[in-house]
Amino acid sequence: MKSGFSITSEEFRGFSQFLEKSCGILLAEHKQYLVQSRLSRIMQKEGYSSLSDLIRRLNQPGNSTIKEQVIDAMTTNETLWFRDIHPYEILKNKLLPELSDGKSFQKLRIWSAACSTGQEPYSISMVIEEFRQTKASAFSSGQEIVATDIASTVLDQARKGEYEMLALGRGLSQDRLMRFFTKSSEGSWQIKTEIRNRVRFQSLNLLGQYSTLGQFDIVFCRNVLIYFSSDVKNDILRKIHKQLKPGGYLILGASESLSGLPDLYKMIHCRPGIIYQAI
């Protein structure tokens with residue numbers, strides 16, 4: 001099976017329906033090339049001669065293994081350290097000081113949704129470490145970052161906390177590399193224990209329920225809502241609101257905005273950057 005295997009319009013519609021039902025992702029009509037490139041290896045490995053064969057298998061009972069492989073392939077995206085920088089500056093200069101002011105004894109809880117290979121939650125952990133170096137008493141009851149993703153492959157990689165230099169070069173400063181990583185014998189770099197121990201990774205489908213995650217002071221849900229329909233997006237935002245503590249904060253991606261839901265969130269201009277506070 002070559003990467004250029006053909007896909008009929010009917011096959012593409014069938015696969016798009018499966019993907020939206022399984023994880024909420026909407027595939028635009030011009031994304032056939034994405035399906036071809038990302039599923040080619042799976043189809044060749046499993047011996048499917050057409051996308052129709054794969055779709056039939058996906059819709060059959062007992063398909064958890066192949067379904068997981070397909071969702072992993074279609075949801076794995078590139079990520080950066082300290083992506084768009086402003087959210088991390090807002091976290092360090094506004095949110096952490098505010099949340100710790102007079103409440104240093106409280107436990108800090110942050111959720112990193114759609115965390116991919118771990119760059120976002122580990123970046124958050126580094127910011128917390130830097131903040132506590134200036135205010136050691138802050139959040140003395142602990143700090144926890146819950147990092148979730150639907151793709152098991154990227155979660156396995158994230159848990160290891162080990163990265164090649166090429167991946168580290170994408171957004172991570174030399175100063176932070178030297179402070180927060182140690183070089184391994186294989187030439188890769190391992191994130192230090194104090195940064196890693198704050199983060200707990202677990203599998204989560206944003207179409208599902210979040211109640212078991214508990215309440216959070218801050219939720220990072222960045223660069224993922226753009227893949228969902230308006231209805232699914234608003235449903236996710238309502239469910240996130242339930243997991244935010246009163247007055248908690250939601251941080252979206254640079255290209256994302258929260259339209260509607262004025263009864264749940266209020267917009268805060270940080271100049272630069274926008275965040276949303278739970279009402």
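This chain uses plain numbering: 1 for the first residue, then up along the sequence. Computed from a predicted model, the values in this text were never measured in an experiment.
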(Q) Evaluate Asp156 against Lys160 for salt bridge (Lys or Arg N to Asp or Glu O under 4.0 Å), listing each step before the verdict. (A) CA-CA 7 Å; Asp156 289 342; Lys160 293 177 183 175; over 6 Å; no

Q.
For Ile66 and Ile42: C-alpha separation, side-chain torsions, deciding distance, then whether side-chain contact (heavy atoms from CB on, under 4.5 Å) applies.
A. CA-CA 9 Å; Ile66 187 66; Ile42 294 173; 3.6 Å; yes

Q.
Checking Val146 against Leu204 for the side-chain contact (heavy atoms from CB on, under 4.5 Å) test, could you report, in this order, the C-alpha distance in whole Å, the side-chain angles of both residues, the deciding distance, and whether it holds?
A. CA-CA 11 Å; Val146 178; Leu204 182 85; over 6 Å; no

Q | Worked verdict on Leu27 versus Met74 for side-chain contact (heavy atoms from CB on, under 4.5 Å) | A | CA-CA 10 Å; Leu27 283 177; Met74 294 305 300; 4.3 Å; yes

Q: Could you give me the CA-CA distance, side-chain angles and deciding distance for Phe181 and Leu172, then say whether side-chain contact (heavy atoms from CB on, under 4.5 Å) is met?
A: CA-CA 11 Å; Phe181 290 79; Leu172 188 70; 3.5 Å; yes

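Side-chain polar atoms of Asp72 and Ser152 form a donor-acceptor pair below 3.5 angstrom. Neither side chain, Gln157 nor Thr117, offers a donor N or O lying under 3.5 Å from an acceptor on the other.
Remark: side-chain polar atoms of Tyr265 are paired, donor with acceptor, to backbone N or O of His241 under 3.5 angstrom. Here the side chain of Gln190 pairs no donor or acceptor atom with the backbone of Thr182 at under 3.5 angstrom. Side-chain atoms of Arg170 do not come within 3.5 Å of backbone N or O of Leu80 as any donor-acceptor pair. Between the side chain of Glu20 and the backbone N or O of Ile25 there is no donor-acceptor pair closer than 3.5 Å. Between the side chain of Glu256 and the backbone N or O of Arg222, no donor-acceptor pair lies under 3.5 Å. Not a single donor-acceptor pair under 3.5 Å links the side chain of Asn205 to the backbone N or O of Ile150. At distances below 3.5 Å, at least one donor-acceptor pair connects side-chain atoms of Arg132 with backbone N or O atoms of Ala138. A donor-acceptor distance shorter than 3.5 angstrom exists from the side chain of Gln277 to the backbone of Gly247, with no hydrogens or angles considered. When atom types are taken as modelled, the side chain of Glu120 and the backbone of Ser116 share no donor-acceptor pair closer than 3.5 angstrom.
Ring to ring, Tyr163 and Trp81 are close: their centroids are under 6.0 angstrom apart.
Side-chain heavy atoms closer than 4.5 Å link hydrophobic residues (I, L, V, M, F, W, Y) into clusters, and following such links, even through other members, never connects Leu207 to Leu26. Side-chain heavy atoms closer than 4.5 Å link hydrophobic residues (I, L, V, M, F, W, Y) into clusters, and following such links, even through other members, never connects Ile279 to Ile218.
Atom OG of Ser257 and atom CD1 of Ile226 lie 11.5 Å apart (nearest 0.5 Å). Between the SG atom of Cys221 and the CG atom of Leu250 there is a distance of 6.5 Å, given to the nearest 0.5 Å. Taking CG of Leu168 as the reference point, atom OG of Ser173 lies at 11.0 Å (rounded to 0.5 Å). Here CD1 of Ile251 is found 8.5 Å from OH of Tyr88. Values are rounded to the nearest 0.5 Å. Atom-to-atom distance recorded for Lys266:NZ and Asp263:CG is 14.0 Å, nearest 0.5 angstrom. Atom CD of residue Glu162 and atom CZ of residue Arg196 lie 8.5 Å apart, to the nearest 0.5 angstrom.
At a threshold of 4.5 Å between non-hydrogen side-chain atoms, the residues Asn59 and Gln17 do not count as touching. With a 4.5 Å cut-off on side-chain heavy atoms, Leu237 and Leu264 do not count as touching. Looking only at side-chain heavy atoms (C-beta outward), Val70 and Phe18 come within less than 4.5 Å of each other. In this structure, Phe15 and Ile7 have side chains that are not in contact, with every pair of non-hydrogen atoms separated by 4.5 Å or more.
Under the ring-ring contact (aromatic ring centres under 6.0 Å, His included) test applied with Trp111, the options Phe220, Tyr210, Tyr249 reduce to a single match, Tyr210. Of the candidates Arg238, Lys239, Lys233, Asp235 forms a salt bridge (Lys or Arg N to Asp or Glu O under 4.0 Å) with just one, namely Lys239.
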Show every donor-acceptor pair shorter than 3.5 Å between a side-chain atom in residues 122-131 and any protein atom, with sequence neighbours excluded, or say none if there are none.
residue	atom	partner	partner atom	Å
Tyr122	OH	Ala158	O	2.8
Ser123	OG	Phe82	N	3.2
Ser123	OG	Gln119	O	2.6
Ser125	OG	Ile195	O	2.8
Ser125	OG	Arg198	NH1	3.1
Glu129	OE1	Arg198	NH1	3.3
Glu129	OE1	Arg198	NH2	2.5
Glu130	OE1	Lys92	NZ	3.2
Glu130	OE1	Arg176	NH2	2.9
Glu130	OE2	Arg176	NE	2.9
Glu130	OE2	Arg176	NH2	3.4
Glu130	OE2	Arg179	NH2	2.9

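Here the closest non-hydrogen pair linking Tyr276 and Leu258 is OH-N, 3.2 Å. The shortest heavy-atom contact between Asn223 and Ala254 is OD1-N, 4.2 Å. Nearest heavy atom pair, residue Arg38 against residue Thr75, reads NH1-N, 4.2 Å. In terms of heavy atoms, Ile55 sits closest to Gly14 at CD1-C, 4.0 Å. Here the shortest heavy-atom pairing between Asp149 and Cys115 reads OD2-N, 3.3 Å. The heavy-atom pair separating Ile236 from Leu206 by the smallest distance is CG1-O, 3.7 Å.
Under a cut-off of 6.0 angstrom, the local environment of CD in Glu10 is sparse, with at most 12 non-hydrogen atoms contributed by other residues, nucleotides or ligands. No more than 12 heavy atoms of other residues, nucleotides or ligands lie within 6.0 Å of CE in Met178, so this atom counts as exposed by the packing criterion.
Ion pairing of Asp53 with Arg56 is present here, as a side-chain N (NZ or NE/NH1/NH2) and a carboxylate O approach within less than 4.0 Å.
The side-chain hydrogen bond (donor to acceptor under 3.5 Å, both in side chains) check on Lys245 picks up Asp217, with sequence neighbours excluded.
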